[in-house]
Amino acid sequence: MGRVKIWSALVLLLALIGCSKPAPAQPARETKAQSTVTPPKIRSYPRIDACSLITKEEVGTIQVATILEAKSSETSDGTYLISQCYYASRQPNMSVSFTLTEPDPSNPAGLHPREYWERIFSRLGKQGEAEEEKKEEKRGEEEEKKVPPKRVDGVGEEAFWTGNRFGGALYVLKNDFILRISVGGPGEEEVKIDKSKALAAKAMSRL
C-alpha cells in the first residue's frame with residue numbers, strides 16, 4: 001500500500017514539472033506595413049558621358065583653339081537619356097557643344113531614337129533635296145529660318161546639317177544614338193560642317 005502511494009506521488013510530481021515548462025517562442029509575424037513597403041524609385045542617368053567620347057585636346061586641335069575645360073551635364077525627358085558636354089575655349093566664340101541622345105531603358109515603350117530620326121530628319125531631308133534644284137539665292141533672316149536640313153555624307157549612318165550662315169549644328173545617327181555637334185568661331189558653313197564631321201568621327205569611334 002505504501003509503495004502505491006509513493007508511485008502516485010512521483011507521477012503527480014512529473015506532471016507538475018511538465019506543466020511548468022515555458023511554451024516555445026513563436027516567430028514574430030510580419031506586420032502589414034512592413035510587407036507593403038517598396039524601395040524608392042532610382043532615377044535613370046545616361047549610360048554614356050558625352051565628355052568621355054571627345055577629349056579636350058581633340059577639340060582644341062580641330063578647332064585650332066585652347067580648350068580650358070569640358071563641362072558635363074545629363075538629364076532625361078522621360079523618353080530619352082541626354083548627355084551634354086560643353087567645351088569652353090580661351091578664344092572668344094570658339095566653344096563647342098556636343099550632345100548625345102540615347103533610349104531611356106526605364107521607358108521601353110517610348111519612341112525609339114531611330115523612329116524619331118525617321119519622322120523628323122529623313123522626311124525633311126528628302127523635302128530639302130527636292131527643293132534644292134529650284135531654290136534661288138535668297139537673303140534675309142526670315143528666308144534663312146526656312147532653310148531645310150542639308151544632307152551630309154561621309155559620317156554615321158545618316159547625317160544632316162541644320163542652320164544658316166551665322167551658325168548651325170550637325171546631327172548624326174549611329175545605331176541607337178543621335179549625336180549633335182555645334183562648333184563656334186568664324187568660317188563658312190562648309191568649314192563648320194567639316195569640323196563637326198571630324199569631331200563626330202572621334203565620338204562614334206568610341207560608342
Side-chain angles (χ1 to χ4, degrees), residues 46 48 50 53-54 58-59 62-65 73-87 89 92-104 107 109-207:
I48 300 177
L53 299 178
I54 311 175
E58 290 169 338
V59 174
I62 293 173
Q63 269 288 70
V64 192
S73 63
E74 51 192 25
T75 186
S76 171
D77 63 2
T79 302
Y80 307 113
L81 299 178
I82 303 166
S83 178
Q84 183 177 40
C85 191
Y86 178 77
Y87 299 87
S89 66
N93 303 322
M94 293 295 288
S95 60
V96 172
S97 176
F98 171 49
T99 302
L100 178 71
T101 300
E102 57 182 308
D104 188 341
N107 184 21
L111 189 67
H112 193 277
R114 298 184 74 90
E115 295 177 283
Y116 173 82
W117 181 276
E118 184 64 28
R119 290 186 183 187
I120 304 300
F121 290 105
S122 292
R123 176 174 58 83
L124 292 177
K126 293 172 183 177
Q127 175 186 349
E129 291 171 356
E131 294 178 352
E132 188 68 25
E133 298 179 356
K134 55 183 179 181
K135 185 179 67 175
E136 298 178 356
E137 288 294 329
K138 296 180 180 179
R139 292 292 182 267
E141 183 177 355
E142 291 301 320
E143 291 298 336
E144 288 175 344
K145 288 181 180 178
K146 299 178 182 178
V147 175
K150 177 190 296 185
R151 186 183 296 276
V152 177
D153 297 323
V155 59
E157 297 177 41
E158 199 171 30
F160 290 94
W161 171 267
T162 66
N164 51 48
R165 61 191 178 94
F166 297 108
L170 177 68
Y171 291 83
V172 183
L173 175 68
K174 180 182 179 181
N175 298 331
D176 296 341
F177 304 98
I178 295 177
L179 290 70
R180 179 189 184 276
I181 298 178
S182 177
V183 301
E188 298 295 327
E189 181 179 84
E190 289 304 320
V191 173
K192 294 184 177 181
I193 291 177
D194 288 340
K195 287 183 176 181
S196 298
K197 286 175 62 177
L199 290 170
K202 296 286 185 182
M204 289 187 298
S205 67
R206 291 161 186 151
L207 280 175

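In what follows, every heavy atom counts, from backbone to side chain, and hydrogens, waters and symmetry copies are set aside.
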For Glu190, salt bridge (charged side-chain N to carboxylate O under 4.0 Å, His left out) partners two or more places apart
Lys150

Pairwise distance CH2(Trp161) to NZ(Lys192) - rounded to 0.5 angstrom
6.5 Å

State the CG-CG distance between Asp77 and Asp104, to the nearest 0.5 angstrom.
8.0 Å

If I take atom OG1 from residue Thr99 and atom CD from residue Glu74, how far apart are they, to the nearest 0.5 angstrom?
12.5 Å

With a 3.5 Å distance limit and no angle check, can you tell me whether Tyr87 reaches the backbone of Ile54 through a side-chain donor-acceptor pair?
yes

Any pair counted as side-chain hydrogen bond (donor to acceptor under 3.5 Å, both in side chains), so long as it reaches residues 168-177, sequence neighbours left out:
His112-Asp176, Tyr171-Arg180

Is the shortest heavy-atom distance from the side chain of Ser97 to the side chain of Gln84 under 4.5 Å?
yes

Please report the interatomic distance CD1(Ile120) to CD(Glu115), rounded to the nearest 0.5 Å.
12.0 Å

What is the ring orientation for Phe160 with Phe121, classed by angle as parallel under 30°, tilted 30 to 60°, or perpendicular over 60°?
parallel

So, for Ala200 and Ile181, which heavy atoms are closest and what is the spacing to 0.1 Å?
N-CD1, 3.4 Å

With a 4.5 Å cut-off on side-chain heavy atoms, are Leu207 and Leu179 touching?
yes

Set of residues satisfying side chain to side chain contact (heavy atoms under 4.5 Å, CB included) with respect to Gln63, sequence neighbours excluded:
Val59, Ala65, Met94, Val96, Val183, Lys195

Before you tell me yes or no, could you show the steps for Ile178 and Tyr80 under side chain to side chain contact (heavy atoms under 4.5 Å, CB included), namely the whole-Å CA-CA distance, both residues' side-chain angles and the distance that decides it to 0.1 Å?
CA-CA 10 Å; Ile178 295 177; Tyr80 307 113; over 6 Å; no

For Phe98 and Leu199, what are the C-alpha separation, side-chain angles and deciding distance, and is it a side chain to side chain contact (heavy atoms under 4.5 Å, CB included)?
CA-CA 9 Å; Phe98 171 49; Leu199 290 170; over 6 Å; no

Without swapping roles, check the side chain of Ser83 against the backbone of Leu100 for a donor-acceptor pair under 3.5 Å.
no

With sequence neighbours left out, what residues match Tyr86 under side-chain hydrogen bond (donor to acceptor under 3.5 Å, both in side chains)?
Ser95

Could you state the interatomic distance from CG (Leu81) to CZ (Phe177), rounded to the nearest 0.5 Å?
10.0 Å

Can you tell me which residue pairs pass the ring pair (Phe, Tyr, Trp, His ring centres under 6.0 Å) test with a partner in residues 180-207, sequence neighbours excluded?
none

Applied to residues 196-207, the side-chain hydrogen bond (donor to acceptor under 3.5 Å, both in side chains) test, sequence neighbours excluded, yields Glu58-Arg206

All heavy atoms of Ser182 vs all of Gly168, minimum pair found to be OG-O, 3.1 Å

